[in-house]
Engineer: 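Here it is, the structure in full.
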Amino acid sequence: HYTIALDYFLKSAILHKFKIDTTTTPKVNTDYAVKLIIVGEVYLQLGQPDKAIQYFKEALPFSGISIPVDISCYGK
């Protein structure tokens, strides 16, 4: 089931990437960060920590806008 979820989250993140390339709206950036963090979490569940770290690092520049997102995702 994780691989199916991963496929959908990756597709969603790719589609969302087009939005962040054309906007400066903080919510759009935060939503993108959350999607990348979810992808990272799925990779952790699949036993692929290197891939998870890759997505967590990619989310960092977009997650600093939302304190609740930072606390819930990185404050574990």
Engineer: Short question: side chain of His16, backbone of Asn29 - any donor-acceptor pair under 3.5 Å?
Structural biologist: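 No.
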Engineer: I'd like a table of donor-acceptor pairs (distance under 3.5 Å, sequence neighbours excluded) in which one partner is a side-chain atom from residues 7-15, with atom names and distances.
Structural biologist:
from	atom 1	to	atom 2	distance (Å)
Asp7	OD2	Lys11	NZ	3.2
Ser12	OG	Lys35	NZ	2.9

Engineer: Might you work through the side-chain hydrogen bond (donor to acceptor under 3.5 Å, both in side chains) test for Glu58 and Tyr32, ending with a clear yes or no?
Structural biologist: CA-CA 10 Å; Glu58 189 176 338; Tyr32 181 63; 3.1 Å; yes
Engineer: Out of curiosity, Ile20 CD1 to Phe62 CZ, how far, rounded to the nearest 0.5 Å?
Structural biologist: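 Those atoms lie 3.5 Å apart.
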Engineer: How close do Ile37 and Ala59 get, counting heavy atoms only, and between which atoms?
Structural biologist: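 In terms of heavy atoms, the two residues are closest at CG1-CB, 3.7 Å.
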Engineer: Quick check on the hydrophobic clustering: are Tyr43 and Ile53 connected, directly or via other members, by side-chain heavy-atom contacts under 4.5 Å?
Structural biologist: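 No, no single cluster joins them.
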Engineer: Roughly how far, to the nearest 0.5 Å, is the NZ atom of Lys27 from the CG atom of Asp31?
Structural biologist: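 So the CG of Asp31 and the NZ of Lys27 are separated by 3.5 Å.
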Engineer: Would you kindly confirm whether Leu46 and Leu36 end up in one hydrophobic cluster when ILVMFWY residues are joined by side chain heavy atoms under 4.5 Å apart?
Structural biologist: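 Hydrophobic grouping puts Leu46 with Leu36.
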Engineer: Not counting sequence neighbours, which residues clear salt bridge (charged side-chain N to carboxylate O under 4.0 Å, His left out) with Lys17? List them please.
Structural biologist: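 Lys17: salt bridge (charged side-chain N to carboxylate O under 4.0 Å, His left out) contacts with Asp21.
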Engineer: With sequence neighbours excluded, what pairs up with Gln48 under the side chain to side chain donor-acceptor pair (under 3.5 Å) test?
Structural biologist: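 Listed in chain order: nothing, the list is empty.
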Engineer: Kindly give the heavy-atom pair with the smallest separation between Gly40 and Ala52, and that separation in Å.
Structural biologist: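 Looking at all heavy atoms of both residues, the shortest contact is O-CB, 3.2 Å.
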Engineer: Roughly how far, to the nearest 0.5 Å, is CZ of Phe56 from CD of Glu41?
Structural biologist: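 Separation between the atoms: 4.0 Å.
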